[in-house]
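Working notes, structure below.
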Amino acid sequence: MHWADVTAQALAHKGNKHIISTGITPSGEFHIGHLREILTGDMISRAAKNAGLDVDFIFIVDDADPLRKVYPFLHDDYSQFIGHQIGSIPAPDENGKPDFEKFSKDGLSYADYFLSPFLEALRTIGVVPRIIKNLHSYRSGAFNEVSKIACDKADDIREIIERVSTRELAGDWFPWSPLDSKGSLEGVVVTGYDYPLVHWKDSHGVEGSSDITKGEGKLPWRIDWPAKWSWIGVTCEAFGKDHGAAGGSYATGREICQLFGHQPPQPLTYEWISLKGQGAMSSSTGNTIGPIEALELVPPEILRLLIAQSKPNKAIEFDTGMSLVNLADEYERLLSRNFDQELTEQDLSRRKKVQIEDAIGALKMSKVSPESTLESSNVTFRHLCLLAQTKTSDEMVWSSLGYSSTDKPPTSLVDRLNKMKLWIKSKHLPEEMRISIIDNPELEMFKEFGDEEIKVLKLLKEELERCEWNSEDIGNAIPNSAKTIELSPRIAYFVAYKSLMGRSRGPRLAPILAEIERERIIKIIEKCLIVINS
RNA sequence: GGGCCUGUAGCUCAGUCAGGUAGAGCAUCCGGCUUUUAACCGGACGGUCGCGGGUUCGAACCCCGUCAGGCCCGCCA
């Protein structure tokens with residue numbers, strides 16, 4: 001059973017109506033890691049729907065969180081906003097400075113600035129959650145009831161946090177963070193509580209009162225989270241391992257939640273995604289691949305597959321090089337499998353059966369829309385990469401794949417070609433996939449050459465000097481260089497690839513050579529002969 | 001200090017919850033396709049399941065211990 005179905009099954013035991021939640025703080029550029037949060041929730045939702053449950057899938061935007069520091073991509077001007085809620089401060093402009101004009105005119109907040117493109121990417125990838133903005137929820141009174149309970153039961157909450165997290169809270173700790181005279185959540189000391197007012201004194205020496213029913217502050221994270229579960233009615237939430245550890249915010253949250261009179265949601269802890277060789281992704285260090293950037297390179301199904309095929313507790317190492325190639329090819333392979341037939345095979349071991357079922361599940365979860373039908377294009381990523389690099393026009397790519405003006409390629413394939421061309425142009429294309437002619441051969445390349453190979457190479461040069469310089473004639477010239485001395489054409493290809501590209505196999509050579517000047521090719525072969533003789 | 005996750009073929013991983021002959025893909029090698037789409041088809045190679053105990057007729061799987069890597073117990077997906 002697919003992992004999402006396992007979770008759905010657990011939910012089915014608890015009831016028919018479920019609110020599945022996800023949540024992110026838009027404090028900077030979104031990255032692939034955030035996609036795991038959302039897609040894990042999305043996949044559980046889909047599985048739950050398939051199981052016949054009534055599902056509401058939500059995405060809580062934590063725009064009530066404060067700006068922690070001036071991140072490297074921000075201008076120093078932002079230091080005035082440290083501690084301020086990211087839904088209530090201006091977005092950065094192209095220089096990283098606060099854009100006051102857009103903020104006052106269009107209301108574009110810091111949080112919205114990072115959120116909007118992410119939501120756009122989510123649509124592309126087939127995820128359309130109900131959005132709940134935290135700041136608005138506080139201001140509109142959604143937190144009233146739970147906030148009151150939290151403040152009334154401050155001692156109980158303190159006990160839970162201190163016991164479960166084994167962390168001692170400060171003496172003046174209080175389960176409500178008021179906004180200070182400047183609008184910051186930092187450096188404020190709570191001096192008293194008299195519902196609905198929390199009295200405070202800030203770092204500037206100013207004293208005031210925060211009305212908890214008007215969103216003049218917020219609950220600290222460890223209380224804010226279970227508070228959301230309670231007023232929204234969350235029954236299931238997937239969260240990163242940082243929250244899942246013993247003593248972490250889920251552990252305290254599940255108890256605090258019950259204080260609010262609500263049962264804690266079904267948890268699912270997921271591992272992080274790291275960038276190969278560079279450690280965990282982090283918005284603040286700039287070590288990221290954005291979902292938007294990734295979607296420019298590959299179709300959304302493939303990004304979904306990345307999340308779907310790995311169990312949540314597996315760490316994922318991602319990169320936009322060979323990992324992407326393998327992932328994309330894996331996707332095509334899945335599409336072309338005949339699962340029905342595989343499942344009817346005799347003597348199917350339990351192990352094998354599980355494997356097939358998981359593959360079916362992963363493929364199902366990779367669909368952008370649950371209803372869409374999947375069809376195999378029978379064109380692998382590698383192959384398309386090759387065609388995109390060697391053909392000079394799209395038409396030539398299509399005709400190579402057997403399409404014509406009457407039998408046009410499907411739009412999904414056209415889209416893939418366009419993405420492929422972007423990938424080839426980008427810095428992400430691995431050297432391994434790049435087609436290149438080696439102009440300066442080295443002796444190392446010819447260590448497998450014997451007398452026959454050298455003879456063929458000399459004949460190849462003669463053939464290429466003589467033939468018409470077009471794809472067809474070059475295509476004949478290569479095998480002929482071996483045939484004339486009654487050797488297998490295989491040797492001729494081996495010799496040609498080694499000499500021109502430094503590898504023993506490769507893509508169809510003739511069309512590539514036809515695009516290059518004859519003189520350059522002849523010169524390379526001459527150099528090869530010199531190197532071999534040296 | 002306390003806790004969580006991971007460790008299975010050269011690589012990426014499935015299989016661990018419900019113990020029953022160790023699996024896939026990639027890579028490599030060989031063969032086929034009488035002149036190659038890095039294609040396609042067939043085959044081969046490849047593992048003391050981190051290590052040591054225990055339970056069991058039987059353990060990758062359950063239990064105890066141990067080693068290694070990652071992470072959490074301020075904030076972070």
Side-chain angles (χ1 to χ4, degrees), chain A residues 1 6 22-25 27-28 30-41 62 65-66 68-69 161 164-167 169 220-222 238-252 269-274 276 279-284 309-317 322-323 325-327 329-330 333-334 337 349-359 362 378-387 389-391 397 400-402 432-433 435 475-483 488-490 492-494 496-497 501 503-511:
Chain A
M1 215 190 320
V6 173
T22 58
I24 298 173
T25 306
S27 57
F30 280 80
H31 51 69
I32 296 276
H34 293 114
L35 219 46
R36 191 170 206 179
E37 163 88 17
I38 298 288
L39 282 177
T40 304
D62 285 325
D65 288 4
R68 303 271 171 206
K69 58 177 176 182
I161 293 178
V164 177
S165 74
T166 66
R167 169 169 72 105
L169 296 174
W221 163 248
R222 278 179 185 261
F239 44 83
K241 61 174 176 182
D242 47 333
H243 296 314
S249 46
Y250 181 77
T252 49
T269 310
Y270 61 85
E271 256 286 355
W272 291 24
I273 297 179
S274 61
K276 203 163 250 174
M281 288 204 204
S282 165
S283 310
S284 47
Q309 72 168 1
S310 299
K311 285 190 180 182
N313 64 2
K314 284 281 184 185
I316 296 177
E317 276 209 350
M322 287 314 288
S323 301
V325 178
N326 292 330
L327 188 66
D329 281 350
E330 169 77 17
R333 244 193 326 277
L334 281 174
R337 276 169 72 173
S349 68
R350 179 174 153 263
R351 201 172 275 139
K352 188 116 186 163
K353 202 174 156 204
V354 167
Q355 199 168 55
I356 296 170
E357 284 172 351
D358 280 354
N378 285 317
V379 184
T380 63
F381 201 78
R382 295 182 127 86
H383 187 197
L384 196 61
C385 178
L386 160 83
L387 292 178
Q389 286 183 82
T390 54
K391 304 293 179 187
V397 171
S400 161
L401 289 169
E432 200 179 331
M433 299 291 288
I435 292 175
N476 287 324
I478 297 168
N480 280 343
S481 58
K483 278 178 165 181
S488 161
R490 185 181 287 271
Y493 280 98
F494 176 74
Y497 283 117
M501 299 177 77
R503 50 179 79 204
S504 47
R505 304 177 66 188
R508 193 186 275 271
L509 255 183

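As the structure is a prediction and not an experimental result, all values here were calculated from the model. Letters A, B, ... mirror the listed sequences (proteins, then strands); counts begin at 1.
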To the nearest angstrom, how far is [X] atom [atom1] from [N] atom [atom2]?
X      : N      : atom1 : atom2 : answer
A:D242 : B:rG3  : CG    : C1'   : 15 Å
A:F494 : B:rA38 : CZ    : P     : 16 Å
A:E271 : B:rC4  : CD    : P     : 15 Å
A:Q309 : B:rU12 : CD    : P     : 14 Å
A:W272 : B:rC72 : CH2   : P     : 6 Å
A:H243 : B:rC73 : NE2   : P     : 10 Å
A:L327 : B:rA24 : CG    : P     : 21 Å
A:I273 : B:rC76 : CD1   : P     : 18 Å

Roughly how far, to the nearest 0.5 Å, is [atom2] of [Y] from [atom1] of [X]?
X      : Y      : atom1 : atom2 : answer
A:Q389 : A:L384 : CD    : CG    : 10.5 Å
A:I273 : A:K314 : CD1   : NZ    : 14.5 Å
A:T25  : A:H34  : OG1   : NE2   : 7.5 Å

Between [options], which one does the side chain of [X] approach most closely?
X      : options                : answer
A:D358 : B:rG15, B:rU6, B:rA38  : B:rG15
A:K311 : B:rC73, B:rG15, B:rU36 : B:rG15
A:K241 : B:rU6, B:rC71, B:rU35  : B:rC71
A:K314 : B:rC73, B:rC13, B:rU36 : B:rC13

Residue-phosphate contact under 4.0 Å: A:N480 side-chain N/O, B:rU35 OP1/OP2: no
OP1 or OP2 of B:rG74 less than 4.0 angstrom from a side-chain nitrogen or oxygen of A:S165, does that happen here? yes
Can you find a pair of side-chain heavy atoms, one from [X] and one from [Y], that are under 4.5 Å apart?
X      : Y      : value
A:I24  : A:I38  : yes
A:R222 : A:S165 : yes
A:R36  : A:E271 : yes

Rounding to the closest angstrom, what is the interatomic distance between [N] and [M] at atom [atom1]?
N      : M      : atom1 : value
B:rC17 : B:rC57 : C1'   : 24 Å
B:rG50 : B:rA68 : P     : 16 Å
B:rU12 : B:rU28 : C1'   : 16 Å
B:rC33 : B:rC41 : C1'   : 8 Å
B:rA39 : B:rG58 : C1'   : 46 Å
B:rA24 : B:rG15 : P     : 15 Å
B:rC13 : B:rU6  : C1'   : 12 Å
B:rA9  : B:rG1  : C1'   : 39 Å

Residue whose closest nucleotide on RNA chain B lies nearer the 5' end, A:I316 versus A:S249: A:I316
Residue whose nearest RNA chain B nucleotide is more 5′ - A:A315 or A:A492: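 In this pair, the answer is A:A315.
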Complementary nucleotide of [N], counting Watson-Crick and G-U pairs under 3.5 Å:
N      : value
B:rU55 : none
B:rU66 : B:rG50
B:rG1  : B:rC73
B:rG42 : B:rC30

Taking the inter-plane angle between the rings of A:W221 and A:H243 on a 0 to 90° scale, is it parallel (under 30°), tilted (30 to 60°) or perpendicular (over 60°)? tilted
Once you apply a heavy-atom cut-off of 4.0 Å, does A:R36 come out as touching a base, just sugar-phosphate, or nothing?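 Touches nothing.
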Touch check for A:T22, heavy atoms < 4.0 angstrom, all strands: base, sugar-phosphate only, or nothing?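 The answer is nothing, as A:T22 stays clear of every strand by at least 4.0 Å.
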